[in-house]
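Reviewing the structure listed below.
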Amino acid sequence: MSEYQYSEIERNRLSKLEQLRQQGLEAFPARVERSHTTQAALTEFEAAEAAADAAPLQATLVGRIRSIRQMGKLIFAHIEDGYGRLQLFLRADTLGAEQLQTFRDYYDLGDFVEARGEMFRTKAGEASLNVAAIRMIAKAITPLPAAKDEVVDGEVVRHATLADPETRYRQRYADLAVNPQVREVFRIRAATTRSLREFLDSHDFLEVETPVLQPVYGGAAARPFVTEHNQLKQELYLRISFELYLKRLLVGGYERVYEIGRDFRNEGVSRKHNPEFTMLEFYMAYADYQRVMEFTEEMLRFTAQQVLGGAKFSYQGNEIDLGRDWPRITVADAVQEFAGIDLAQYPDAKSLAAAMAAKEYYVAPKASRGKLIEGLVGDHVEPRLIQPSFLYDYPREISPLAKSSPDDAQTVERFEGYVAGFELCNAFSELNDPLDQLARFEEMSGMDADDEDRHPLDEDYLRAMRYGMPPNGGFGMGIDRLTMLFTDQPNIREVILFPHLRKREGE
RNA sequence: GGCCCCGUAGCUCAAUGGUAGAGCAGUUGACUCUUAAUCAAUUGGUUGAAGGUUCGAGUCCUUCCGGGGUCACCA
């Protein structure tokens with residue numbers, strides 16, 4: 001049983017609904033007529049205007065009532081559909097006094113209607129539908145949380161609109177219904193994934209789907225969500241990455257695979273983190289990380305071109321240009337330049353921690369040398385990388401799945417792409433030597449079970465690798481973060497339709 | 001999880017510790033070219049919840065619930 005209490009406004013609207021029904025008027029019909037979208041009606045009407053001898057345009061439109069202006073026996077209203085908005089012109093002469101009164105008495109802002117009539121231009125010059133018949137196709141009981149619309153230079157400006165972030169996220173349907181710019185964010189998001197697919201498909205990649213429920217999680221350092229299969233009495237993890245399954249497919253003979261899907265990480269929620277988020281990973285046989293860097297630049301340029309029409313965009317006040325060559329700087333050089341520490345002089349965690357402490361930098365307790373370097377990058381380097389850049393050659397102990405550099409045992413062939421001061425993607429020359437991989441897993445086994453960096457040993461993955469895995473370059477990118485960039489949104493929740501929020505009492 | 005801030009009408013927001021208000025939405029009325037229409041009148045509140053201090057609490061204190069920011073964490 002619902003415990004919902006109707007508000008006064010809702011009770012009023014329910015009463016209108018009841019009265020409509022008493023008059024035999026169905027407020028939620030199963031079938032509707034529609035000859036044009038609002039956009040098509042406007043386009044065709046303007047074309048007919050241009051052709052002097054064209055017949056008047058008859059149209060049947062559907063949409064949600066977004067404004068009503070009553071002028072006695074004349075009513076102006078705007079309807080909005082998925083394509084735009086259009087003014088309805090309701091006049092007693094055309095519609096009939098009785099129908100006009102029905103509209104006045106029972107129709108509200110937010111209702112969906114079907115209106116039939118002839119397109120014309122009002123004295124004020126707005127292309128409008130002179131309504132000959134109108135009917136309710138879905139009555140809105142709850143008023144939409146927006147007061148009024150205004151059109152300024154062709155743009156709809158909504159006044160006193162829904163702004164409370166909590167309500168916007170919990171009731172995204174209402175947010176979308178009243179905030180057109182929010183609808184636009186998710187169109188850009190869809191265009192982004194579409195163009196990434198287009199790029200990868202055109203480069204001979206195979207799109208695949210791998211398990212979300214995994215008996216062993218891996219491919220990243222994060223706490224997993226744990227669940228259980230009842231019948232198999234088996235503990236399962238929601239995946240934290242796709243990596244290990246995608247690389248198994250290279251063993252199987254596919255040269256290029258990718259997956260776009262959801263990862264789950266049981267970590268804190270922040271401006272840049274949601275417990276479930278969308279990731280793109282691809283693996284490219286016979287490529288190394290340098291090749292993947294080039295490919296990444298190409299891919300993001302293509303995507304920006306498709307989605308934004310060019311390589312330049314503005315993000316939170318910074319002008320970002322994906323078009324130029326991305327600077328490539330080693331982690332060691334970046335730490336030297338931005339943090340003033342020469343990593344070569346500090347070959348172990350203890351000496352590096354001391355050097356950092358001397359500069360009054362934050363030193364994470366019990367951190368490995370790799371973890372300390374990562375901290376330096378996060379604190380001192382990352383925020384400075386506004387224009388698209390690659391950092392490369394990462395510490396071995398924080399990269400258990402990456403191939404070692406041929407000339408430095410402490411370093412692996414790994415890069416991260418940074419844009420606007422945050423990490424966008426992460427890639428490496430994938431480790432394909434099963435003996436080295438086993439050694440890496442065993443290094444991890446010395447760690448505490450709850451250490452974030454501990455990577456579980458995956459026997460089946462090792463078995464796959466023993467069959468022979470071609471050398472390959474792998475890549476992962478957060479789609480949510482890319483969408484944040486493309487839509488100039490500072491918070492990941494703005495690019496996730498239904499972001500995670502704490503459950504409310506009673507829900 | 002720590003710290004800081006916030007929660008008032010459907011929406012956006014006011015209110016020195018001293019009568020809880022405005023605009024829009026809603027309701028009633030006027031109006032046949034409006035477009036944030038206009039004009040007149042009007043309804044609507046357990047101020048997130050529970051305690052406490054006080055003659056008196058939206059305001060101060062405590063706890064809880066929810067949200068935002070930030071730090072930690074997030075390879």
Side-chain angles (χ1 to χ4, degrees), chain A residues 6-13 15-16 66-78 85 87-94 100 108-110 120-126 128 130 141-152 156-170 174 178 218-223 240-241 243 265-275 277 362 364-365 368 370-371 373-375 377-379 394-402 412 414 416 423 426 428 444 451-455 476 478 490-491 493 501-507:
Chain A
Y6 288 107
S7 70
E8 184 188 347
I9 292 176
E10 289 169 325
R11 285 196 301 273
N12 181 266
R13 289 186 174 204
S15 152
K16 291 176 178 179
R66 295 312 318 242
S67 66
I68 299 175
R69 293 174 296 283
Q70 302 201 16
M71 302 285 303
K73 295 189 176 60
L74 181 62
I75 299 173
F76 296 92
H78 274 95
R85 62 207 316 269
Q87 183 168 259
L88 301 183
F89 182 84
L90 300 95
R91 183 163 56 173
D93 307 0
T94 315
L100 192 76
D108 290 298
L109 293 177
F120 78 113
R121 212 168 266 285
T122 61
K123 285 179 187 170
E126 179 167 350
S128 308
N130 186 12
I141 306 302
T142 305
L144 286 171
K148 293 206 169 179
D149 293 353
E150 179 184 18
V151 179
V152 180
V156 178
V157 177
R158 224 144 256 181
H159 294 273
T161 195
L162 181 63
D164 174 45
E166 182 176 358
T167 310
R168 288 187 47 234
Y169 301 147
R170 285 193 197 278
V178 302
R223 263 179 267 256
I240 60 174
S241 88
E243 173 151 1
R265 296 187 185 176
N266 208 338
E267 309 281 1
V269 177
S270 82
R271 210 163 55 79
K272 293 177 189 171
H273 300 87
N274 195 61
F277 62 100
Y362 173 76
S368 67
K371 195 84 178 171
I373 294 171
E374 190 176 38
V377 170
D379 292 344
Y394 276 71
R396 171 187 161 106
E397 65 259 86
I398 58 167
S399 316
L401 303 167
V412 294
R414 168 180 173 184
E416 290 187 349
E423 179 194 338
N426 178 27
F428 19 95
M444 297 285 163
D451 190 313
E452 295 277 354
D453 283 337
R454 187 171 179 276
H455 194 295
N491 194 313
R493 292 188 188 97
L501 293 179
R502 198 182 300 272
K503 184 180 168 182
R504 302 200 82 162
E505 288 294 310
E507 286 188 7

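Numbered from 1 within each chain, the chains take letters A, B, ... in sequence-line order.
- Considering only side-chain atoms of Lys123(A), the nucleotide from C31(B), C33(B), U27(B) that sits closest is C33(B).
- Considering only side-chain N and O atoms, Arg69(A) lies nowhere under 4.0 angstrom from the phosphate OP1 or OP2 of U34(B).
- A distance-only check finds a donor-acceptor pair linking the side chain of Arg271(A) to the backbone of Pro490(A) [under 3.5 Å].
- Side-chain proximity of Glu267(A) to G68(B), U32(B), C73(B): nearest is C73(B).
- Counting only heavy atoms from C-beta on, Lys16(A) has its side chain closest to U27(B) among U34(B), U27(B), G68(B).
- Listed pair Asn266(A) / C73(B) fails the phosphate criterion, with no side-chain N or O lying under 4.0 Å from OP1 or OP2.
- Pairing for A25(B) is absent, with no Watson-Crick or G-U wobble pair whose two atom distances lie under 3.5 Å.
- Looking at heavy-atom distances under 4.0 Å, Gln70(A) makes contact with a base.
- In terms of phosphate contacts, Arg493(A) brings a side-chain nitrogen or oxygen within less than 4.0 Å of OP1 or OP2 of G68(B).
- With contacts defined as side-chain heavy-atom distances shorter than 4.5 Å, the pair Thr142(A)/Tyr6(A) does not qualify.
- Heavy-atom nearest nucleotides on RNA chain B were determined for Asn491(A) and for Arg13(A), and the one closer to the 5' end corresponds to Arg13(A).
- Minimum atom distance to the side chain of Pro145(A) is reached by C11(B), of the listed A72(B), U34(B), C11(B).
- OP1 or OP2 of G44(B) has not a single side-chain nitrogen or oxygen of Tyr6(A) nearer than 4.0 Å.
- Using a 4.0 Å cut-off, no side-chain N or O of Arg265(A) falls inside it from OP1 or OP2 of C73(B).
- Nucleotides of RNA chain B nearest to Gly72(A) and Glu416(A) differ in position, and the one nearer the 5' end is that of Gly72(A).
- Atom NZ of Lys73(A) has 12 or fewer neighbouring heavy atoms from other residues, nucleotides or ligands inside a 6.0 Å radius.
- With distances taken from any side-chain atom of Lys73(A) to the nucleotides U32(B), U70(B), C33(B), the minimum falls on U32(B).
- Comparing A25(B), C11(B), G67(B) by their closest approach to the side chain of Arg170(A) singles out G67(B).
- In terms of phosphate contacts, Arg502(A) brings a side-chain nitrogen or oxygen within less than 4.0 Å of OP1 or OP2 of G66(B).
- Checking G69(B), C33(B), C73(B) against the side-chain heavy atoms of Ala364(A) singles out C73(B) as nearest.
- Comparing U32(B), U12(B), G66(B) by their nearest atom to the side chain of Glu166(A) picks out G66(B).
- Look at Asn12(A) and you won't find any side-chain N or O under 4.0 angstrom from OP1 or OP2 of G26(B).
- Proximity note for Glu126(A) (side chain, C-beta onward) versus U35(B), U27(B), U70(B): the nearest is U35(B).
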